Amino acid sequence: MVTIGSVVLGVSDVRRAAAFWTQALDYVPREEAQDDWVVLVPRTGSGVQLALGRSETPVQTRPRVHLDLYARDAADQAAEVERLVGLGADRVAWDLYPADPDFVVLADPDGNRFCVIDTNH
């Protein structure tokens, strides 16, 4: 049986993306970052790796695959959204929000969209 080892994001600037995601997730590079590739791993413990590869393809407005980052509750979600925006993420004006969403859509500095989820919702 296989398992997910890495989630791979295409980015236009690997070093900039690595700087954002290492701070966002408290990850570290598995090896020294290259201009076109880096694999990030959790600083402590185990977990899914995040690989960043240089890509020239455009960012999807409604991506078919994205990351969901989990927050404990609404207060934690709000604090994490503000922290991530402070690191360089942008809020996304998402036109598909339900009436009472448990998620907030953000975009990393490369425009890759991800969600911050209130897991207590």
Side-chain angles (χ1 to χ4, degrees):
M1 181 59 69
V2 297
T3 61
I4 295 174
S6 294
V7 173
V8 181
L9 289 180
V11 299
S12 61
D13 184 327
V14 170
R15 293 182 191 276
R16 179 184 66 194
F20 174 80
W21 287 109
T22 56
Q23 292 179 58
L25 301 174
D26 195 25
Y27 273 37
V28 295
R30 187 178 67 192
E31 291 97 20
E32 185 176 337
Q34 304 299 311
D35 289 335
D36 62 348
W37 183 257
V38 67
V39 177
L40 306 177
V41 297
R43 182 179 306 279
T44 59
S46 62
V48 174
Q49 300 179 132
L50 179 62
L52 305 170
R54 186 170 47 209
S55 175
E56 295 180 12
T57 59
V59 175
Q60 294 176 317
T61 303
R62 290 195 171 100
R64 294 181 68 172
V65 177
H66 66 275
L67 300 177
D68 280 350
L69 308 182
Y70 286 6
R72 290 183 306 269
D73 54 32
D76 188 38
Q77 178 190 44
E80 285 299 314
V81 166
E82 291 309 313
R83 184 181 72 83
L84 294 164
V85 167
L87 293 174
D90 288 316
R91 294 175 188 273
V92 173
W94 191 248
D95 59 348
L96 299 176
Y97 276 119
D100 185 25
D102 65 347
F103 64 97
V104 174
V105 181
L106 299 176
D108 72 8
D110 270 283
N112 292 305
R113 293 179 179 194
F114 62 96
C115 296
V116 181
I117 310 294
D118 169 3
T119 60
N120 196 38
H121 188 277

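Note that the structure is a prediction, hence the values are computed from the model and not measured. By convention here, the first residue in the shown sequence is residue 1.
How far CD of Glu80 is from CG of Leu87: 9.0 Å, rounded to the nearest 0.5 Å. Between the NE2 atom in His121 and the CG atom in Asp73 there is a gap of 12.0 Å [rounded to 0.5 Å]. We find the CG-CD1 distance between Leu67 and Ile117 to be 10.5 Å, quoted to the nearest 0.5 Å.
Annotation: side chain of Asp110 is not in contact with side chain of Phe20 (no heavy-atom distance under 4.5 Å). A 4.5 Å side-chain heavy-atom check between Asp108 and Leu9 finds at least one atom pair inside the cut-off. Using a 4.5 Å heavy-atom threshold, the side chains of Val28 and Val41 count as touching. For the pair Leu84/Leu69, a side-chain contact is recorded, criterion being any heavy-atom separation below 4.5 Å from C-beta on. The shortest side-chain heavy-atom distance between Val105 and His66 does not fall under the 4.5 Å cut-off.
Residue Ala71 comes nearest to Thr119 through the heavy atom pair O-OG1, 2.7 Å, listed as atom of the first residue, atom of the second, then distance. Annotation for Arg16 and Pro109: closest pair NH2-O, 3.6 Å, computed over non-hydrogen atoms. Across all their heavy atoms, Leu52 and Ala17 have their closest contact at CD1-C, 3.7 Å. For the residue pair Asp68 and Cys115, the shortest heavy atom distance occurs at OD1-CB, 3.4 Å. Closest approach of Ser6 to Gln49, counting heavy atoms only: OG-NE2, 2.8 Å. Minimum heavy-atom separation, Arg83 to Gln23: NH1-O, 3.0 Å.
Between the Arg72 side chain and the Asn120 main chain, no donor and acceptor come within less than 3.5 Å of each other. With Asn112 contributing its side chain and Gly10 its backbone, the two residues share a donor-acceptor pair below 3.5 Å. No side-chain donor-acceptor contact under 3.5 Å links Ser55 to the backbone of Val11.
Enclosure of atom CD1 in Ile4 is not indicated, since only 12 or fewer non-hydrogen atoms of other residues, nucleotides or ligands lie within 6.0 angstrom. For Arg43, the CZ atom is densely surrounded, since the number of other residues' heavy atoms within 6.0 Å is greater than 12.
Pro42 is linked by a side-chain contact (heavy atoms from CB on, under 4.5 Å) to Tyr27, counting only residues two or more places apart in sequence or in another chain.
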Mind listing the side-chain donor-acceptor pairs of residues 33-40 below 3.5 Å, one per line with the distance, residues two or more places apart or on another chain?
{"unit_1": "Gln34", "atom_1": "NE2", "unit_2": "Glu32", "atom_2": "O", "d": "3.3"}
{"unit_1": "Asp35", "atom_1": "OD1", "unit_2": "Arg15", "atom_2": "NE", "d": "2.8"}
{"unit_1": "Asp35", "atom_1": "OD1", "unit_2": "Arg15", "atom_2": "NH2", "d": "3.1"}

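Follow the hydrophobic side-chain contacts under 4.5 Å out from Val81 and you reach Leu96 in the same cluster.
Considering Tyr70, Trp21, Phe103 in turn, Trp21 is the only one that fulfils the ring pair (Phe, Tyr, Trp, His ring centres under 6.0 Å) rule with Phe114.
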Exercise for the section: Check the pair Arg113, Leu106 against side-chain contact (heavy atoms from CB on, under 4.5 Å), reporting the backbone distance first and the verdict last. Expected result: CA-CA 6 Å; Arg113 293 179 179 194; Leu106 299 176; over 6 Å; no
